[in-house]
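For reference, the structure is listed below as C-alpha cells.
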Amino acid sequence: MKTIKKVALATLGKWSEIFLVVCFQIISIPIILAKWSSELLAVWILLQSLVALISLPFYSINFFIFNENLKLGSKNKGRILKNISSSIPFLLFTFILILILVISGNHYLSYEQILKIPPEIIDEFKFFVLYFTIIVFLSFGINEFIIHYLNIYGHYVYISIIRVIKFFIVSFFPLTAIFFGYKFFEVGIVLIISHSISLFLFYILILKRMKNERFKLPKIDFKIGFKNYIKSFLLLIRHFVEQFNSTYIRFLIVGIFNLSTLSLFFALRTISGFVRQIVFSVIEPLTIEMMKDIKEKKTKSYNNILSLYFFYIIVLIFPGCIILQYLTPFIFEKWTLGIINFDSYIFLVLIIISLVTSLNLPFKIIVDSFNLNLINLFTLVISICAFLITFLYLKNNFGIIGLCFAILIYEVVYLIITIFFANRQYKKINLNLPTKNLIFCSFALLLFIFYSLLLTNFFTVNNIILFKFLIVFCYCFLIILFFKFNNISKSIKNKI
C-alpha cells in the first residue's frame with residue numbers, strides 16, 4: 001500500500017475517533033450542566049487532569065521505547081522485542097512508586113484548599129484518584145507496548161479502529177449514567193467498569209495480530225531495561241513540563257480564579273481543541289512514514305510528505321477555523337444551557353494557539369523521534385518562562401484572556417526554538433528545512449488573524465465586507481502559489 005493511502009486510512013480512522021470525541025464533547029456539556037453544577041463539572045475536569053498526570057511516567061517509558069524501536073527499523077524484530085520485554089519490570093516498579101505517592105497524597109494533601117474541591121465529595125475524589133492510578137497502569141502498560149509494536153509493522157489503521165471502539169465504551173456509559181441522574185461517585189464507578197471492559201476487549205481484538213507479527217517476549221535483559229529506563233527519565237521530565245500548557249493551566253485557573261472560570265475555559269477550549277485533534281490525527285502515521293523515509297534516505301519522498309502536510313493545513317484547517325468562528329457564537333450559549341457565556345476574544349486566541357501548534361508538528365516530530373529530550377526540555381523551560389512573564393504582566397488588567405494570550409506566547413516561542421533545533425537535526429541527516437512551506441504558512445496565518453479580527457469586531461473599518469473579500473482573495477491566491485511552487489499534484493501522484 002502506498003504511503004499516502006496508508007496515512008489517509010489511518011487518518012480516516014483517527015478522524016472517526018475525533019468525530020466520536022466531538023460528538024461526545026458536544027452532548028456531554030449540556031447533559032452534565034443539566035444534572036450537575038458548573039463547579040461539579042470543573043471537579044470532574046480536575047479529576048481527569050490528575051489522571052493524565054499519573055499516566056505520564058507510563059506514557060514516557062512507552063514513548064521512549066517506541067522511538068528507539070523506530071530508529072532500529074522493522075527488520076530488527078529481535079531487538080525491538082528485547083527492548084519491550086526488558087522495560088516491563090521497570091514499568092511495574094514505576095507503578096508501585098506512583099501508587100505510594102498517590103496514597104501519601106490522599107492522606108497528607110488538602111484538596112479542599114489546593115483544588116477547591118467541595119468538602120462533601122472530597123472522600124470520593126480521593127477514592128477515584130487511587131483507583132484510576134491502577135486503571136492507568138493497566139491501560140498504559142503492556143498494551144501500549146503492543147500498540148506501538150504493531151504500529152511499527154504497519155497496523156496503525158487497525159489500531160485506530162480499536163481506539164475508536166475503546167473511546168466509545170469509556171465515554172458512552174459514564175455519560176449515560178449522568179443523563180439518568182447518577183451522582184458523582186456512581187458515575188466514577190461506571191467509568192472504572194467501562195475502562196475494564198475496554199481493556200478486556202482490546203486484548204481480544206489484538207490477539208490475532210500479535211500472533212501474525214510473532215509478538216513473543218524474549219528473556220528480560222535488566223541491563224538494557226535499566227539503560228532505557230534511565231534514558232527515559234529526561235523524556236519523563238519533559239512530558240511533565242510539557243503538561244504546563246494543558247493540565248497545569250487548569251490547576252492555575254482554579255488557584256487564581258475559580259471553578260466556574262475553569263468551566264468557561266474548558267468549554268471554549270473544547271471547541272478550539274477540535275482543530276488540534278484534527279491536525280494531530282495524522283501524527284502517528286506521519287511519524288512512522290517520515291522516519292521510514294529518513295531511515296531509507298528517501299529525501300524526495302520525505303519532502304513530498306511535508307508538502308502534503310502543509311497543503312492539508314492551508315487548504316483545510318485554516319479555512320475550517322473561519323467557519324468554526326462563524327458557527328460557534330450561535331450555538332455556544334444554547335450548548336451550555338445559558339450557564340456559560342461565550343467570549344469571542346478568548347475563543348479567537350485559543351484558535352490561533354491551535355494553528356500555531358499545527359505549524360510546529362513536523363518539526364516536533366523530528367525532535368521527538370530522535371529522542372532529543374534535553375533540547376526538548378530546554379525549549380519547554382524557555383517557553384514556560386515566556387508564558388509566566390507575559391501572564392504576570394497581563395493578569396491584573398486582562399484576567400482570563402491575559403492567560404490565553406500568555407499561552408499563545410508560549411506556543412510561538414516553542415515553535416521558533418523547535419524549528420531552530422529541528423534545522424540542526426536536518427543538517428545532520430542531509431535534509432533541508434522546508435523554508436518555503438514555512439513562509440507560505442506564516443502568510444496564511446497572518447491573513448487568518450486579520451480576517452478573524454474583523455470578524456470579532458476587534459477594530460472597526462469602513463467597507464468591512466470589501467476588506468474581508470480582499471483577504472479571501474489574497475488567501476486563494478496564496479493557495480494557488482503554494483500549489484504551483486510545491487508541485488502538489490505531482491506529490492499526490494507519487495504518493496498514491
Side-chain angles (χ1 to χ4, degrees), residues 46-70 80-106 128-152 156 159 162-163 166-167 169-170 191-192 194-203 206 210 215 217 220-222 224-248 280 283-284 287 368-369 371 373 376-377 380:
L46 288 174
L47 178 62
Q48 303 299 323
S49 302
L50 277 175
V51 170
L53 285 181
I54 290 167
S55 69
L56 281 181
F58 309 122
Y59 174 76
S60 298
I61 295 169
N62 271 282
F63 192 68
F64 180 84
I65 298 300
F66 176 56
N67 285 333
E68 289 297 302
N69 288 340
L70 270 180
I80 288 171
L81 289 170
K82 178 70 77 173
N83 277 340
I84 292 172
S85 66
S86 302
S87 298
I88 292 172
F90 298 94
L91 201 71
L92 183 61
F93 173 72
T94 302
F95 166 66
I96 294 169
L97 280 181
I98 292 172
L99 198 61
I100 293 169
L101 287 173
V102 167
I103 293 170
S104 302
N106 280 351
F128 287 130
V129 171
L130 176 61
Y131 274 85
F132 276 118
T133 302
I134 300 169
I135 292 293
V136 161
F137 168 68
L138 295 173
S139 299
F140 283 89
I142 305 298
N143 65 331
E144 280 298 310
F145 279 135
I146 295 169
I147 285 171
H148 289 155
Y149 173 82
L150 291 176
N151 278 339
I152 290 171
Y156 39 76
I159 293 297
I162 291 177
R163 280 179 168 157
K166 285 181 66 179
F167 177 82
I169 292 170
V170 300
L191 183 58
I192 290 173
S194 300
H195 272 289
S196 302
I197 293 170
S198 71
L199 197 61
F200 177 72
L201 189 62
F202 165 79
Y203 283 109
I206 216 75
M210 289 167 62
F215 183 85
L217 293 177
I220 295 169
D221 188 323
F222 283 95
I224 291 174
F226 182 72
K227 182 182 176 183
N228 286 332
Y229 187 63
I230 295 299
K231 284 183 177 180
S232 72
F233 267 117
L234 199 57
L235 183 63
L236 172 61
I237 295 168
R238 190 203 102 194
H239 281 153
F240 267 114
V241 178
E242 205 169 37
Q243 287 296 306
F244 186 87
N245 186 24
S246 53
T247 307
Y248 301 153
F280 274 65
I283 190 168
E284 214 163 65
T287 301
D368 287 348
S369 297
N371 275 332
N373 296 317
N376 242 321
L377 186 60
L380 286 164

Working to the nearest 0.5 Å, report the span between [atom1] of [X] and [atom2] of [Y].
X: S85; Y: D221; atom1: OG; atom2: CG; answer: 8.0 Å
X: N62; Y: I84; atom1: CG; atom2: CD1; answer: 8.5 Å
X: Y59; Y: L56; atom1: OH; atom2: CG; answer: 9.0 Å
X: S232; Y: I237; atom1: OG; atom2: CD1; answer: 10.0 Å
X: L191; Y: Q48; atom1: CG; atom2: CD; answer: 6.0 Å
X: N69; Y: I80; atom1: CG; atom2: CD1; answer: 5.0 Å

Sequence neighbours left out, what passes side chain to side chain contact (heavy atoms under 4.5 Å, CB included) with [X]? Give chain and number order.
X: F90; value: F222, F226, Y229
X: S194; value: I169, V170, F173, P174, V190
X: V102; value: I54, I98, N106, V129, L130, T133
X: K231; value: F64, K227

Item to complete: Could I get the full list of side-chain hydrogen bond (donor to acceptor under 3.5 Å, both in side chains) partners for N376, not counting sequence neighbours?
Response: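 side-chain hydrogen bond (donor to acceptor under 3.5 Å, both in side chains) check on N376 returns D368, Y414.
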
Worksheet item: Residues two or more places apart in sequence or in another chain: which of them pass side-chain hydrogen bond (donor to acceptor under 3.5 Å, both in side chains) with S55?
Response: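 side-chain hydrogen bond (donor to acceptor under 3.5 Å, both in side chains) check on S55 returns nothing, list empty.
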
Worksheet item: Passes side chain to side chain contact (heavy atoms under 4.5 Å, CB included), I220 versus I88? Steps please.
Response: CA-CA 8 Å; I220 295 169; I88 292 172; 5.5 Å; no

Worksheet item: If you count the non-hydrogen atoms of other residues, nucleotides and ligands that lie under 6.0 Å from CZ in F93, is the total more than 12?
Response: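 Atom CZ in F93 is not crowded, with 12 or fewer foreign heavy atoms closer than 6.0 Å.
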
Worksheet item: Angle class for the F132/F128 ring planes (parallel below 30°, perpendicular above 60°, tilted otherwise)?
Response: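 Ring orientation of F132 relative to F128: tilted.
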
Worksheet item: Should V136 and V51 count as side-chain neighbours, where that means a heavy-atom distance under 4.5 Å?
Response: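 Touching, per the 4.5 Å side-chain cut-off.
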
Discussion item. So I96 and L99, do their side chains get closer than 4.5 Å, heavy atoms only?
Written reply: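 The answer is no; the side chains never approach within 4.5 Å.
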
Worksheet item: Which of these, L236, N228, T94, sits in a side chain to side chain contact (heavy atoms under 4.5 Å, CB included) with I61?
Response: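 Among L236, N228, T94, the one that satisfies the side chain to side chain contact (heavy atoms under 4.5 Å, CB included) with I61 is T94.
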
